[in-house]
Amino acid sequence: MKINWDELGFDYIKLPYRFIAHWKNGAWDSGQLTEDEYLPIHEGSTALHYGQQCFEGLKAYSRKDGKVNLFRADQNSARMNRSARRLLMPEVPEELFLGAIKQVVVANREFVPPYGTGGTLYIRPLLIGVGPNIGVHAAPEYIFTVFCMPVGAYFKGGLTPTNFIVSDYDRAAPNGTGAAKVGGNYAASLLPGEKAQERNFSDCIYLDPETHTKIEEVGSANFFGITKENEFVTPKSPSILPSITKYSLLHLAKERLGLEALEEDVPMDNLDRFKEAGACGTAAVISPIGGIQFGDDFHVFYSEKEVGPVTQQLYDELTGIQFGDKKAPAGWIITLA
Ligand code: PLP
Ligand code: COI
């Protein structure tokens, strides 16, 4: 298979190997690599009927020296287990989770985009409830699987700003599953996402489900803004996904850029305080927000054409660490030979 590294989007590509483990009678087996990309599962599987499933997203990065970095994979393991607990699924031990990821990356090593292409290997761990069942109960059995593929930019602009539109829909409820990485939140986002794209926006902005006055999420990414006072601000809410990229940026903004770093409410009626804004996440990396459509108003941040200087600095710091060019805070990087 020949891959044109410079033309990668965010699309499924079948690679040779994935990992699969099974939970039955209260225990995980040790799992194994397989070449089969299909999962034959029981028709009564709770993942199919009742959305009993959760997933993760992380990346492997090619370094200049030819080795491969994983970024904060322990945090994905911890978050998957929080999602699992929320949906009454068995936790995946960190050792099994990290072992699976390492095996999958090493087995598909030739498909990690080379250093300098900007591409990365996107890794998708998935935990699903399976086995015979019909009542609204937790499943009798579970599958944990990890597959991966090379990807490029998630939002088409990459570091060029794109525009977003505020949605009337909610992706999650105030005391629902917004903070868990579960498929139901994404199913709820398909229609609003498509409506946004039909109008040529990259995706929608979700407001807080309780009052619809504050920014919560930017499609499948968290929001951040840089204020005129040089503060890094990102929403604090129990119904957004606790983004690993967001927590990394809170740290880097403070420790490396010397900004005040704050998690707080981001009311829609005070966007003027921001001189720059962006979306952040594993897939989105840092994607500058040009402007936001809200009803009849269109609010432009820094520029619709150019990335702002602080956003660029954050991007350089984050990706510098991920690709191994900058020193990482302790424990952030696992390097595979
Ligand atoms: N918010 C949502 C809804 C997401 O799907 C993601 C992607 O994982 C994020 C935020 C960003 O989280 P992370 O930085 O951990 O990838
Ligand atoms: C990620 O950033 O890893 C995501 O999960 C976003 C999206 C592809 C669901």
Side-chain angles (χ1 to χ4, degrees), residues 8-13 53-61 70-83 86 97 101 120-127 146-156 158 164 167 169-173 176-190 192-194 196-197 202-209 215-224 232 234-253 263 266 277-287 289 314-315 317-319 321-322 332:
L8 286 170
F10 198 85
D11 301 303
Y12 181 86
I13 295 173
Q53 65 87 255
C54 64
F55 66 98
E56 274 302 323
L58 68 161
K59 284 175 170 174
Y61 305 80
L70 295 174
F71 180 72
R72 308 198 74 179
D74 60 325
Q75 299 297 310
N76 293 93
S77 164
R79 189 171 64 191
M80 175 166 258
N81 286 337
R82 291 198 301 274
S83 301
R86 178 65 179 81
F97 184 94
I101 283 162
T120 51
L121 188 77
Y122 184 72
I123 306 163
R124 173 53 60 85
L126 179 67
L127 173 62
V146 179
F147 61 99
C148 62
M149 70 213 68
V151 298
Y154 183 69
F155 293 121
K156 284 212 168 54
F164 293 81
S167 180
Y169 292 95
D170 298 319
R171 61 177 278 284
T177 55
K181 202 160 170 65
V182 301
N185 298 339
Y186 298 82
S189 76
L190 293 176
E194 185 166 286
Q197 281 155 23
S202 274
D203 208 331
C204 36
I205 305 250
Y206 294 101
L207 301 183
D208 70 291
I215 292 186
E216 291 239 312
E217 294 268 26
V218 189
S220 301
N222 275 182
F223 174 90
F224 70 87
F232 175 93
T234 179
K236 188 167 180 63
S237 156
S239 51
I240 63 176
L241 192 78
S243 154
I244 295 159
T245 315
K246 185 264 287 282
Y247 285 114
S248 305
L249 292 177
L250 278 163
H251 177 88
L252 297 175
E263 271 185 287
V266 178
C280 66
T282 299
V285 193
I286 289 182
S287 301
I289 300 176
L314 285 168
Y315 178 88
E317 203 60 47
L318 176 70
T319 57
I321 288 169
Q322 291 170 330
W332 280 23

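Just so you know, these numbers use all the heavy atoms, side chains as well, and skip hydrogens, waters and symmetry mates. Read the numbers this way: they start at 1 and go in the same order the structure lists the ligands and their atoms.
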For ligand 2, which atoms sit closer than 4.0 Å to a heavy atom of Lys181? 4 (C), 5 (O)
Donor-acceptor contact present, side-chain Ser167 to main-chain Tyr169, <3.5 Å: yes
Could you label the plane-to-plane angle of the Phe164 and Phe155 rings as parallel, tilted or perpendicular, counting under 30° as parallel and over 60° as perpendicular? perpendicular
Against heavy atoms of Phe10, which atoms of ligand 2 measure under 4.0 Å? 8 (C)
dist Ile101:CD1 -> Asp74:CG (nearest 0.5 Å) comes out at 10.0 Å
Between Ile244 and ligand 1, is there a nitrogen or oxygen pair with a distance under 3.5 Å? yes
Shortest reach to atom 14 (O) of ligand 1 by a heavy atom, considering only Leu249, Thr245, Val285: Thr245
May I ask you to test the Thr177-Arg86 pair for a side-chain heavy-atom distance under 4.5 Å? yes
Taking atom 4 (C) of ligand 1 as the point of reference, which of Gly281, Ala283, Ser220 owns the nearest heavy atom? Ser220
Looking at atom 1 (N) of ligand 1, what's its closest protein heavy atom, distance included? Glu217 OE1, 3.0 Å
Starting from atom 9 (C) of ligand 2, which protein heavy atom do you reach first, and at what distance in Å? Tyr186 CE2, 3.8 Å
By number and element, which atoms of ligand 1 are closer than 4.0 Å to a non-hydrogen atom of Ser243? 11 (C), 12 (O), 13 (P), 14 (O), 15 (O)
Among protein heavy atoms, which lies nearest atom 10 (C) of ligand 1, and at what distance? Asn222 ND2, 3.4 Å
Given side chains that start at C-beta, do those of Arg79 and Glu56 come closer than 4.5 Å, heavy atoms only? yes
Specify the protein heavy atom at minimum distance from atom 16 (O) of ligand 1: its residue, its atom name, and the distance to 0.1 Å. Thr282 OG1, 2.5 Å
Rounded to the nearest 0.5 angstrom, the CD-OG distance for Glu216 and Ser239 is 3.5 Å
Answer yes or no: does an N/O atom from Tyr122 fall short of 3.5 Å to an N/O atom of ligand 2? yes
Using heavy atoms and a 4.0 Å limit, tell me yes or no: is Tyr186 in contact with ligand 1? yes
What do you reckon, does Gln75 put a non-hydrogen atom under 4.0 Å from ligand 1? no
For a quick test of reading the model, state the closest non-hydrogen atom pair linking Cys54 to Val182 and the distance between them. CB-CG1, 4.0 Å
Using modelled atom types and a 3.5 Å cut-off, is there a donor and acceptor pairing between side-chain atoms of Asn222 and backbone atoms of Leu241? yes
So Leu127 and Phe55, do their side chains get closer than 4.5 Å, heavy atoms only? no
N/O of Lys246 under 3.5 Å from N/O of ligand 1, yes or no? no
Nearest neighbour in protein (non-hydrogen) for atom 7 (C) of ligand 2: Ser220 CB, 3.7 Å
Output for pair (Glu263 CD, Leu250 CG), nearest 0.5 Å, gives 5.0 Å
Glu217 CD to Asp208 CG distance, which is reported to the nearest 0.5 Å: 12.0 Å
With the threshold set at under 4.0 angstrom, would you say Lys181 reaches ligand 1 through any of its heavy atoms? yes
Enumerated ligand 2 atoms positioned under 4.0 Å from heavy atoms of Gly57: 3 (O)
Atom 2 (O) of ligand 2 sits nearest the protein heavy atom Ala283 N, 2.8 Å
So, do Thr234 and Leu249 sit near enough that their side-chain heavy atoms are less than 4.5 Å apart? no
Test of understanding: given a 4.0 Å heavy-atom threshold, classify the contact between Lys59 and ligand 2 as side chain, backbone, both, or neither. neither
